[in-house]
Amino acid sequence: MQKKQLILHIGYPKTGTTAIQNFLLHNSGELLNSGYYYPKTGIATNAHHQFPWSMTNDPRLKNKIDPKVLIRSLKNELKQVNCSTVLMSSEGFIFAINPKYLRDYLSDLFDPITIIIYLREPLSWIESDYNQAVKGHRAVTEDFNSFFGNHARKPKNSPINYFETISSWAKVFNWGNLRVR
């Protein structure tokens, strides 16, 4: 099978990712008519979350799936589809996956791989992340000021250290293959 181009949307969370994923899923037929394919393999709800979840043993993955099984399934699915470009999306990739591991995992099927990353103003992002965490996504019991302070005191490990996060992807995929918005 000839390699296809991959456009991989990796997040950030809280930057409209669900809206992008819903659009891609609900318009997959029209996209395919234009040469773009949004695969069914690895979909959980509306996005390809099973890929990063399987690579990190994330508890949200109900039945453990070997990442190699997912990639074989994706390869078989792509053999059935006439397209030049594959679109995949999951914000689970950005923090949980080592970019080199992901590149090695996907490079048998795809070349080139373009990474799309959306950002949000940092304070707005922290506020939105905190609200989601409190509503039950994660077990957060601290108040907003403490939550914010934890991000501010750990700039190297904080999700709002955009440069550090994006640089780790650029080292593997090259700056020319990143689209940061």
Side-chain angles (χ1 to χ4, degrees), residues 1 3-81 83 85-110 113-120 125 128-140 159 165-166 168-169 172-173 178-181:
M1 182 178 92
K3 292 184 181 183
K4 299 182 184 297
Q5 177 182 2
L6 174 64
I7 299 174
L8 182 64
H9 170 241
I10 63 171
Y12 263 56
K14 311 309 296 167
T15 60
T17 53
T18 301
I20 291 168
Q21 293 155 353
N22 284 335
F23 174 85
L24 293 170
L25 185 64
H26 296 300
N27 293 285
S28 58
E30 291 84 1
L31 289 165
L32 184 56
N33 290 337
S34 298
Y36 297 91
Y37 186 63
Y38 194 65
K40 294 170 184 60
T41 301
I43 293 279
T45 59
N46 57 355
H48 298 97
H49 300 311
Q50 288 182 358
F51 285 94
W53 292 353
S54 71
M55 295 174 188
T56 60
N57 294 315
D58 191 294
R60 290 174 284 188
L61 188 60
K62 304 291 186 246
N63 300 315
K64 187 172 178 151
I65 301 172
D66 184 330
K68 292 176 186 172
V69 170
L70 273 175
I71 203 74
R72 273 194 307 268
S73 179
L74 178 60
K75 184 176 185 175
N76 289 333
E77 181 180 350
L78 294 177
K79 286 179 184 177
Q80 310 300 316
V81 178
C83 70
T85 305
V86 174
L87 306 166
M88 293 177 66
S89 177
S90 174
E91 57 273 31
F93 289 116
I94 194 154
F95 299 123
I97 303 300
N98 176 311
K100 183 181 181 325
Y101 174 75
L102 185 64
R103 184 198 61 206
D104 294 346
Y105 176 77
L106 296 172
S107 64
D108 286 343
L109 292 178
F110 303 108
I113 299 173
T114 302
I115 306 294
I116 296 178
I117 304 170
Y118 281 89
L119 304 177
R120 183 173 177 171
W125 185 87
S128 182
D129 187 48
Y130 176 77
N131 288 335
Q132 184 174 358
V134 169
K135 290 177 188 173
H137 179 68
R138 300 185 308 269
V140 171
T165 301
I166 294 167
S168 70
W169 287 88
V172 174
F173 290 95
L178 267 61
R179 304 296 180 267
V180 181
R181 304 285 183 254

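For Y36, the side chain to side chain donor-acceptor pair (under 3.5 Å) criterion is met by no residue, not counting sequence neighbours. Checked against ring pair (Phe, Tyr, Trp, His ring centres under 6.0 Å), Y38 has the following partners two or more places apart in sequence or in another chain: H48. Every residue two or more places apart in sequence or in another chain was checked for a salt bridge (charged side-chain N to carboxylate O under 4.0 Å, His left out) with K40, and none qualifies. For D58, the salt bridge (charged side-chain N to carboxylate O under 4.0 Å, His left out) test picks out R60, with sequence neighbours left out.
Side-chain atoms of T17 do not come within 3.5 Å of backbone N or O of P13 as any donor-acceptor pair. Checking side-chain atoms of S128 against main-chain N and O of W125 turns up no donor-acceptor pair under 3.5 Å.
Between K79 and N76, the closest side-chain pair of non-hydrogen atoms falls below 4.5 Å. Between K4 and F110 there is a side-chain heavy-atom pair separated by less than 4.5 Å. In this structure, Y12 and D129 have side chains that are not in contact, with every pair of non-hydrogen atoms separated by 4.5 Å or more. Using a 4.5 Å heavy-atom threshold, the side chains of M88 and L74 count as touching. The closest side-chain heavy-atom distance from S90 to W53 is not below 4.5 Å. At least one side-chain heavy atom of F51 sits less than 4.5 Å from a side-chain heavy atom of T41. With a 4.5 Å cut-off on side-chain heavy atoms, L102 and V172 do not count as touching. Side-chain atoms of H9 and I7, non-hydrogen and from C-beta on, never get closer than 4.5 Å to each other.
With rounding to the nearest 0.5 angstrom, the OG atom of S89 is 7.0 Å from the NE2 atom of H49. Between K14 atom NZ and R120 atom CZ the span is 7.0 Å, to the nearest 0.5 Å. The CG atom of L178 sits 11.5 Å away from atom CD1 of I113, with the distance rounded to the nearest 0.5 Å. To the nearest 0.5 Å, atoms CD1 (I115) and CZ (F173) are separated by 4.0 Å. We find the OG-CD1 distance between S168 and I94 to be 8.0 Å, quoted to the nearest 0.5 Å.
Between A47 and Q21, the shortest heavy-atom distance links the atoms CB-CD, 3.3 Å. Residues Y37 and C83 come closest through the heavy atom pair CB-SG, 3.6 Å. Nearest heavy atom pair, residue V86 against residue P39, reads CG1-CG, 3.5 Å.
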* Stepwise side chain to side chain contact (heavy atoms under 4.5 Å, CB included) check, L119 with I166 -> CA-CA 10 Å; L119 304 177; I166 294 167; 3.9 Å; yes
* Would you sort out whether Y118 and I20 count as a side chain to side chain contact (heavy atoms under 4.5 Å, CB included), showing the intermediate values? => CA-CA 11 Å; Y118 281 89; I20 291 168; 3.8 Å; yes
* Working for side chain to side chain contact (heavy atoms under 4.5 Å, CB included), residues I117 and T165 -> CA-CA 10 Å; I117 304 170; T165 301; over 6 Å; no
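Identified under the salt bridge (charged side-chain N to carboxylate O under 4.0 Å, His left out) test for residues 86-106, with sequence neighbours left out: K100-D104.
Within 6.0 Å of NZ in K3 there are more than 12 heavy atoms belonging to other residues, nucleotides or ligands.
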All N/O donor-acceptor pairs, side-chain side in residues 65-72, below 3.5 Å, sequence neighbours left out:
residue	atom	partner	partner atom	Å
D66	OD1	K68	N	2.8

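Under the side chain to side chain contact (heavy atoms under 4.5 Å, CB included) test applied with L87, the options I116, L31, L6 reduce to a single match, L31.
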